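The structure under discussion appears below in the form of structure tokens.
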Amino acid sequence: MSTSLCTRLSSLRYAASALTLLLAGCVSGPDHVPPQMPLPAKFEEGGNKSNGNVVTAEWWTAYRDKQLNGLVAHGLSENLDVLQALESINSAAANVTVAGAGGLPSLTVGVSHTVSGEKGRLRTSVGTTNTTGGDASLSWLLDFFGQYRRSRESAIATLGAAYATADNAKLTFLKDLVESYIDARYYQERIALSQASLKSRQQTYELTHLQMKAGAASRLDIVQAEGLVQSTKSEIPGLQQSFTESAHHIATLIGMPASSLMGELQKSAGQPVFRGDIRAGIPADLIRNRPDIRKAERELAAAVADIGAAEAQLYPSISLSGLISPSWVKSSGASGGSLTSWSFGPSLNLPIFDGGTLRANVEIEKSDAKTQYLAWKAAVLNGVEEVENALTAVRRDTQTLEPLRRQVETAQESLALSTTSYKDGASSLLDVLDAQRSVSDAEASLAATVQQVAKDYVDLYVAIGAGYLEPEHVAAKQTAKSG
């Protein structure tokens, strides 16, 4: 090999290396940096210990209700809103390929065959001509300024936002399902209390009848006792309707016909009571665990990448294109022949006058990025507020449970004493009726507070972003990221 040829090959290698470095290094626009904002070291009514990663914490099992656990397990795989959100991930993943394809070489190959000839009195040739041809077209836009690389970055960030959206759909489903289950059990408890109250008031009504026969009660006493019985009867249908609606909603959430679930839910299991710890963590945990905050951060990353894609359009673009078209022609009675045409060369596209459209596009993308940053900050602050409110509600509502239980006990004792006194003729029927109302009101207040406390824990664990992923799903995500 001659010295001049070696020198030329060496120069070619250096040129190729320089082109590779140029393509890799020239990327327009800013790089995304994860946003930060100052947060308090702890929640106002929380501790200063981090929760770590709580996305796999099955907090609903602390209610110790096997039926609830089964509904959650079934619903996470069958809820239609969750399935729709998961399907959107497939679309976002395909968009990553589409976004990056423009910066890769494109090769198109075509083949054709035609048979031609002439007929009629004015023909000038006899026989047919067979023409076989093909073409291969190659084009490659050299992405010097990173337009397609930034577009692919934006698509990857959008894919991350799609994953976060699916996670948020699961968290929303968990909140809706568990709270609907708590509501259904609450209405069952209220129905049972009303039926027990109805029985007690019916007995009082019958006792008043006996008292009236003995001359110890008046017609007014009968009317008042009967009015209380009818009032209690009128409550029960509305409570049954509310239970039915909650049961129907649970069936819809887990993707089942209502009739297939009603029988199981009608088996009363008592009101759910949370028997776990209060684990709020610290505000910084929310940025990692809450899917709505992660979604906002990924949307910000996509908006920042779009700035680079818009800026790249301000600069010249160079594309390489080539075409090879071989053909073979054979006429009747003659030997065939071939012909190959080819072309190759670069083309330059330089934007000069566009009325300011390209620069305006850059400003639009910058404004969108600022908007997304503000949306991220709003998501963080909203998350902190939700946890603070949930912590306050858990602590305050829990403090009312014991006094309400004691109130029920004293009301029941008062009812027993007033009933005995009425039987002995030492007190009026009005005392008994008032005591019965007090028992009903106290029991209803206690049931409502048990319901609210159970919901408070749902709000707390949803607010900290807990329990929307199974452990194997987390492992699969980590594997995908490392790949």
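Everything quoted here is computed from the prediction, not taken from an experiment.
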Expected output: side-chain Trp59 to main-chain Ala466 donor-acceptor under 3.5 Å: yes
Any pair counted as ring pair (Phe, Tyr, Trp, His ring centres under 6.0 Å), so long as it reaches residues 344-367, sequence neighbours left out: none
Flag, side chain of Ser327 to backbone of Leu339, donor-acceptor distance under 3.5 Å: yes
Stepwise salt bridge (Lys or Arg N to Asp or Glu O under 4.0 Å) check, Glu297 with Arg294: CA-CA 5 Å; Glu297 187 275 333; Arg294 289 192 290 105; over 6 Å; no
Donor-acceptor pair between Gln188 and Arg185 side chains, under 3.5 angstrom: yes
Arg359/Asp354 under salt bridge (Lys or Arg N to Asp or Glu O under 4.0 Å): CA gap, chis, key distance, verdict: CA-CA 9 Å; Arg359 291 194 178 277; Asp354 63 354; over 6 Å; no
Table please: side-chain donor-acceptor pairs of residues 299-309 below 3.5 Å, with sequence neighbours left out.
from   : atom 1 : to     : atom 2 : distance (Å)
Glu299 : OE2    : Lys295 : NZ     : 2.7
Asp306 : OD1    : Ser154 : OG     : 2.9

Donor-acceptor contact below 3.5 Å, side chain Asp65 vs main chain Gln67: yes
Check: Asp176/His249 side-chain N/O donor and acceptor closer than 3.5 Å: yes
Verdict with reasoning, Gln452 to Asp456, per side chain to side chain donor-acceptor pair (under 3.5 Å): CA-CA 6 Å; Gln452 187 57 55; Asp456 290 341; 2.9 Å; yes
Summary of ring pair (Phe, Tyr, Trp, His ring centres under 6.0 Å) pairs that have at least one residue in residues 258-303, sequence neighbours excluded: Tyr63-Phe274, Phe274-Tyr457, Phe274-Tyr461
By ring-ring contact (aromatic ring centres under 6.0 Å, His included) - contacts of Tyr373 (at least two apart): none
Under 3.5 Å: donor-acceptor pair, side chain of Thr398, backbone of Val394: yes
Minimum-distance pair of heavy atoms, taken over all atoms of Tyr187 and Leu239: CB-O, 3.9 Å
Salt bridge (Lys or Arg N to Asp or Glu O under 4.0 Å) assessment of Arg279 paired with Asp277: CA-CA 6 Å; Arg279 294 179 55 191; Asp277 299 327; over 6 Å; no
Exam field: side chain Arg290 to backbone Ala463, donor-acceptor pair closer than 3.5 Å: yes
Whether Asn79 side chain and Leu253 backbone form a donor-acceptor pair below 3.5 Å: yes
Any donor-acceptor N or O pair under 3.5 Å, side chains Asn389, Glu386: no
Check: Ala162 main-chain N/O paired with Asp167 side-chain donor or acceptor under 3.5 Å: no
Heavy-atom side-chain contact between Leu286 and Val384 under 4.5 Å: yes
Side chain Ser91, main chain Ser88, donor-acceptor under 3.5 Å: no
Side chain Asn168, main chain Pro291, donor-acceptor under 3.5 Å: no
Candidate pair Thr392 and Glu45, rule side chain to side chain donor-acceptor pair (under 3.5 Å), full reasoning: CA-CA 7 Å; Thr392 300; Glu45 298 192 30; 3.3 Å; yes
Minimum side-chain heavy-atom gap Val387-Leu460 below 4.5 Å: yes
Minimal non-hydrogen separation, Gly103 against Tyr148, with atom names: N-CG, 3.5 Å
Between Gln451 and Asp183, a side-chain donor and acceptor under 3.5 Å: yes
Derivation of the side chain to side chain donor-acceptor pair (under 3.5 Å) call for Ser347 and Ser319: CA-CA 5 Å; Ser347 61; Ser319 59; 2.6 Å; yes
Residue pairs, two or more places apart or on separate chains, that pass ring pair (Phe, Tyr, Trp, His ring centres under 6.0 Å) and touch residues 70-94: none
Set of side chain to side chain contact (heavy atoms under 4.5 Å, CB included) partners for Met262, sequence neighbours left out: Phe243, Thr244, Ala247, His248, Gln266
Thr61 (side chain) donor-acceptor with Glu58 (main chain) under 3.5 angstrom: yes
Heavy-atom closest pair, residues Pro272 and Ile182: CG-CG1, 4.1 Å
Non-hydrogen atoms of Gln271 and Ala447 that approach each other most closely: NE2-O, 3.0 Å
